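Just below is one structure, and these are the notes that go with it.
Residue numbers start from 1 in every chain, and the chains themselves are labelled A, B, ... in the order their sequence lines are given, proteins ahead of strands. All figures in this text were calculated on a predicted structure; none of them were measured in a lab.
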2 protein chains.
Amino acid sequence: MGGIMTGCAHPATRCAAAAAILRAMNAYERLRPLLEPRVVAVVGVSRQGKQGAVFLQGLLDPGFRGTVYVVNPGASEIMGVPSFPSVSALPQRPDLAILVLPAEPAIGVVRECAERGVPGVAMFTAGFNELGTPEGTERARRLIEAAGGTTRIIGPNCMGVYNPRLGIAMFGGMPSRPGAVGLISQSGSLVQFIVNALADRGLGCSKAVSIGNQLDLTAADFLEALADDQETSVIAAYLEGVPDAQRFARVLRMTAARKPVVLWKAGRAAAGARAARSHTGQMAGAFQVWQGLARQSGAVLVRDIEELTDTVAAAAALQGSLPAGRRLAIVTGPGGPAVSASDACEESGLVLAELAPSTQDALRRVVAAAGTSVRNPIDVGMVLQGATAVYGESLRIALADPGVDAALVIGGDRSDPAAFAEMLIEARRTAGKPILHAQGGSFFGGEDQRARLAEGGVAVAPTAERAVRAYARLVTARNG
Amino acid sequence: MGGIMTGCAHPATRCAAAAAILRAMNAYERLRPLLEPRVVAVVGVSRQGKQGAVFLQGLLDPGFRGTVYVVNPGASEIMGVPSFPSVSALPQRPDLAILVLPAEPAIGVVRECAERGVPGVAMFTAGFNELGTPEGTERARRLIEAAGGTTRIIGPNCMGVYNPRLGIAMFGGMPSRPGAVGLISQSGSLVQFIVNALADRGLGCSKAVSIGNQLDLTAADFLEALADDQETSVIAAYLEGVPDAQRFARVLRMTAARKPVVLWKAGRAAAGARAARSHTGQMAGAFQVWQGLARQSGAVLVRDIEELTDTVAAAAALQGSLPAGRRLAIVTGPGGPAVSASDACEESGLVLAELAPSTQDALRRVVAAAGTSVRNPIDVGMVLQGATAVYGESLRIALADPGVDAALVIGGDRSDPAAFAEMLIEARRTAGKPILHAQGGSFFGGEDQRARLAEGGVAVAPTAERAVRAYARLVTARNG
C-alpha cells in the first residue's frame with residue numbers, strides 16, 4: 001500500500017522492498033488505510049452538490065474522527081469543509097479519496113491519486129464495464145492503468161466504506177453503533193438495507209464495504225482482510241459475481257474455516273444474472289458452482305436479506321462455538337407458532353428433541369395442568385402473571401436434558417421485556433447451549449433490548465420459523 | 001340458530017319450521033349472532049380475575065357497541081360490568097357467552113345456555129380432546145350433548161371472536177381499524193399475531209375467529225359463512241387439521257371460487273403434526289392431500305405467518321380482479337434488491353417482462369445515462385431530487401407496454417412518502433394493472449400511509465422478494 005511506502009519512488013508493485021513488506025503484513029493491514037482512513041478527500045462535490053453532498057454528509061453526520069477535505073477548483077469550502085483545487089494541492093495525502101465525478105474526469109483524478117501515493121479510492125462513478133459496451137470496457141482498462149498498481153480501487157459504481165467506530169458512513173443517518181459483523185456488498189443500497197436490518201436485530205458492523213464492479217479490489221480481497229480483522233467475528237457478503245473465481249474459492253475456504261461466513265448470492269436465475277450484468281457488470285456464474293463452493297467451505301448460502309440477517313444473528317449468538325446439535329427444544333406460550341416452528345424444525349433438517357421422562361416430570365411441576373404440554377414443544381400455556389419465572393424454569397429444565405442441543409423460546413413477558421431478556425441471557429450462560437428467541441407476532445422490546453440480547457448471545461428473529469431455519473442453516477453448513 | 005327461534009320450544013334441530021328457515025338463510029346469517037353479537041356474557045370472571053379479565057378487557061378496551069354482562073355468583077359487578085349469579089339470571093338472553101371456566105363446570109354452563117336458547121358460546125376452557133386421554137374424549141362427548149344442538153360452540157380451547165367494527169376483541173390492545181380480511185385460526189395467539197401483521201401492512205379484519213378444537217363449529221362452517229359475508233373480500237385461515245375433511249374440501253372449493261382463500265396449513269411435518277395433536281387435538285392429515293385440495297380449489301397454500309400476510313396483502317390489492325399475467329416489470333432505484341427480485345421472479349415461476357424497443361426509448365428520455373438501465377429491471381439510478389416524478393414516469397411507461405402484466409416498484413422517496421404513495425395509487429388506477437411495492441430495507445412511511453396504499457390497491461411487502469413470491473403464489477393458484 002502507498003500508505004506505508006513513504007520515501008520510495010517506485011510504484012509498490014515494482015519495488016522489491018515494498019513487495020516484501022506487503023507479503024509480511026496480514027491481509028487486513030494491507031487494506032487498513034482504506035477501511036480505517038485518517039484523512040479522507042471527497043472529490044467532485046459541487047456547491048449545488050447533490051451526489052457529492054451525500055458522501056460528505058456521510059462523514060459530517062456521524063462525526064468522522066479524522067480529517068476531511070473537499071476537492072473542487074471553484075470553492076474554498078463546501079458545507080464547512082475546506083476545499084482545494086486538486087488532489088495534489090491538498091495539505092495532506094489522503095488515505096482514501098471518494099470520487100463522485102463522471103467517468104472520464106475520474107480517470108484523471110485516479111492518476112493524480114496514484115502519483116501522490118494515495119492508498120485507496122472509493123469510486124461512486126459509474127460508466128465502466130457495467131455498460132456492457134466496448135467503450136465501457138476500454139474505459140475500465142484505462143482506469144486500472146491510471147491507478148498504476150499503487151492506488152487500490154474500491155468499485156467503481158459503488159458506495160465505498162462504512163465504519164461506525166470511526167464515523168464514516170456512505171450517507172447521513174446510518175446506524176452509529178459498531179459491532180462485530182464485517183459486511184461486503186456489491187450493491188451500495190444493500191449495504192444500507194443490511195446494516196439497518198442488522199441494527200434492528202441489535203447487531204452492529206465492524207466495517208462494511210460496497211465493492212461495485214470489483215475492477216481492482218474484489219470480494220476475495222475484502223474476505224481475506226476481514227478474516228484477519230480482530231474487530232470482525234462474523235462475515236456477511238452480498239455478491240452477484242466474482243472476477244477471480246479460483247482465488248475467491250481458495251480465500252472463502254480459508255476464511256470460513258476461521259469465522260462464520262454468510263453468503264447471499266444473487267444472480268442465481270437467468271433473470272437475476274441478466275440484471276446483475278447491467279447492475280455491476282458481473283458474470284454471475286452457474287449457481288451449482290456456488291452451492292458446491294459453499295458446501296466445501298462451510299460457508300452458509302442464503303437467498304435474500306431476511307435469510308442473511310437471521311443467519312448472521314444466529315451465528316453471532318453462538319459467539320464462536322460450533323452449532324453441532326440438531327436436537328431442538330421449544331419452550332412456548334402461544335400454541336400455533338410452536339406447531340409451525342415444529343414443522344420448520346423438521347422441514348429444515350433439525351429434530352424436535354425427545355425429552356427424558358424425568359425432564360417431563362420436572363416440567364409438570366412448573367406448568368399448569370390444562371392448555372399446556374410437557375412434551376416438546378413445551379407449552380407453558382397462557383401465563384398471565386410471573387411469565388418470566390415459568391418460562392425461565394421450563395427453559396432451565398429443558399436445557400439440562402442431555403438430549404437437547406439448543407432451545408427456541410417463543411413468546412415473552414410484555415409487561416417486563418427487559419427482565420425476560422436477562423432470564424434468557426442467564427439461561428444461555430448457565431447451560432452453554434444456543435438459545436433462539438422469537439416473541440411471536442412482532443418485537444415488543446426496543447432496539448436496545450435486542451442489542452442486549454445479541455450481546456448476551458441470544459439470537460432474535462421476527463418469527464419462530466425464521467429462527468429455526470437460520471439455526472438449521474448453520475448446523476447444516478458445519479455438518480453437511 | 002337460537003337467535004331467530006323465539007317462540008318455539010323445540011331445539012332448532014328438531015323443529016321442522018326452524019330447519020326450513022335455517023336452510024333458507026345464507027351461511028353467514030346462521031352465524032351472525034356469534035360473529036356480530038349484540039349481547040355478550042363473560043362467564044367465569046373472578047374479582048382477582050386473571051384469564052376472565054382478559055376477555056372482559058377485550059370488550060371494554062375497544063368499547064363494545066352492545067351490552068355486556070358478567071356471570072359470577074359472588075359479585076354484583078366486576079370491572080364496572082354488572083354481574084349475575086347464572087346465565088338464567090341474566091336480564092337478557094346473550095347472543096354469545098364467553099366461557100372462562102374449568103372444563104367440568106363449563107359443561108354445566110353450556111347446558112344452561114342451551115336451555116336459555118343462547119345461540120353461541122366461545123370456550124376458552126381447555127381439557128377436552130386435546131388431552132388425548134379417554135377422560136378428555138368422554139368430556140368432549142358430554143359437552144356436545146349439553147349443547148343439545150341449539151347452542152353452537154366455538155372451540156373449546158380457543159380465544160373466540162374479534163370484530164373491530166363492533167368493538168369485540170379477545171384481549172385489550174388489538175387493532176381497532178376494521179377491514180376486508182376474514183380470518184379463521186385454530187390458534188388463538190395466532191389471531192393476535194396475524195391481525196397485528198395485517199395491520200402493519202395497512203390491512204384490517206372484517207372479523208376473526210379462533211376455532212380451537214373444532215368440537216362443534218369447524219373451519220368449514222366459518223369458511224362458508226365468510227364466503228357469504230359482504231364485509232369480507234379476502235379469507236385467510238390458519239389450520240392444523242379439520243374433523244370434517246370431505247365437507248371442508250367441498251366448502252373450500254365453493255369459497256375459493258368466489259373469494260381469494262389463503263390457507264396456512266400447519267402440522268405438515270411429523271413433528272408439527274404431533275405438536276398439533278397436543279395443541280388443539282387435531283389429526284393433521286397427510287400434507288399431500290392438502291396440496292391436492294389447494295390445487296383443485298384454487299386456494300393458496302402458505303407455510304408461515306409472513307407468507308400468509310404477504311399473500312393476503314397481494315390478494316387484497318387485486319380488488320377482486322384475477323392475477324392472470326406472469327410478466328413482471330421491475331422499476332427500481334436500488335440495484336441489489338432488483339437483482340435479487342429478478343431471481344425471486346424466475347424462481348417463483350414469474351417472467352421478467354421483455355420491454356418493447358419503443359418502451360426502452362421512452363424510458364431513455366426519463367432516466368439518467370449512467371448507473372441506470374432501461375432494460376427490465378428498469379433502474380432509475382440514485383435519484384436525489386424529484387424521485388417521485390422519475391419513478392412515476394418510468395412506471396407509467398412500463399405499465400403501458402402490452403408485454404407487461406404487473407409492476408414491482410422498489411424504493412421510494414424518503415422525503416415525501418405520502419406523495420410517492422399517491423403516485424403509485426394513481427398509476428394503479430390508470431393502468432388497471434397490479435402494482436407491488438417494497439421500499440427496500442424497511443418501511444419508511446407510517447401505518448396510515450400503508451393503509452392508504454392498501455385502500456388504493458397497492459400491495460406492500462417488507463422486501464421485493466416477498467412481494468414477488470406473494471404475487472407468484474396468486475398467479476399460480478389461479479393458473480396452476
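Residues H279(A) and T332(B) form no side-chain contact, since every pair of their non-hydrogen atoms from C-beta on lies 4.5 Å or further apart. Counting heavy atoms from C-beta outward, R466(B) and E306(A) have side chains that approach closer than 4.5 Å. Side-chain atoms of M382(A) and V54(B), non-hydrogen and from C-beta on, do get closer than 4.5 Å to each other.
Using a 4.5 Å cut-off between heavy atoms, Q439(B) contacts chain A through its backbone alone, with no side-chain atom that close. Only the side chain of E465(B) has a heavy atom closer than 4.5 Å to any heavy atom of chain A. In this structure, the portions of A270(A) lying under 4.5 Å from any heavy atom of chain B include both its backbone and its side chain. Of the atoms belonging to R303(B), heavy atoms from both backbone and side chain fall under 4.5 Å from chain A. With a threshold of 4.5 angstrom between heavy atoms, P462(B) approaches chain A through side-chain atoms but not through N, CA, C or O. Residue contact with chain B, scored on non-hydrogen atoms closer than 4.5 Å, involves the backbone and the side chain of P337(A) alike. Proximity to chain B (any heavy atom under 4.5 Å) is shown, for E354(A), by neither the backbone nor the side chain. When heavy atoms are compared at a cutoff of 4.5 Å, N196(B) does not approach chain A at all.
Distance check: E130(B) CD to D379(A) CG gives 10.0 Å after rounding to the nearest 0.5 Å. Taken from CD1 in I305(B) to OG in S340(A), the straight-line distance is 9.0 Å, to the nearest 0.5 Å.
Here R327(B) pairs with D405(B) under the salt bridge (Lys or Arg N to Asp or Glu O under 4.0 Å) rule; sequence neighbours left out. Partners of Y238(A) under the ring pair (Phe, Tyr, Trp, His ring centres under 6.0 Å) rule, at least two apart in sequence or in another chain, are W264(A).
Top candidate by heavy-atom pairs under 4.5 Å with chain A, chosen from P377(B), S342(B), A197(B), G336(B), is G336(B).
Of all non-hydrogen atoms in A266(B) and V339(A), the two that sit nearest each other are CB-CG1, 3.8 Å. Annotation for S187(B) and G335(A): closest pair OG-C, 4.4 Å, computed over non-hydrogen atoms. The nearest pair of heavy atoms linking L352(A) to A271(B) is CD2-CB, 3.9 Å.
Using modelled atom types, no side-chain atom of S189(B) and backbone atom of P334(A) make a donor-acceptor pair closer than 3.5 Å. At distances below 3.5 Å, at least one donor-acceptor pair connects side-chain atoms of D343(B) with backbone N or O atoms of R268(A). E346(B) places no side-chain N or O within donor-acceptor distance of the main-chain N or O of G272(A), the cut-off being under 3.5 Å.
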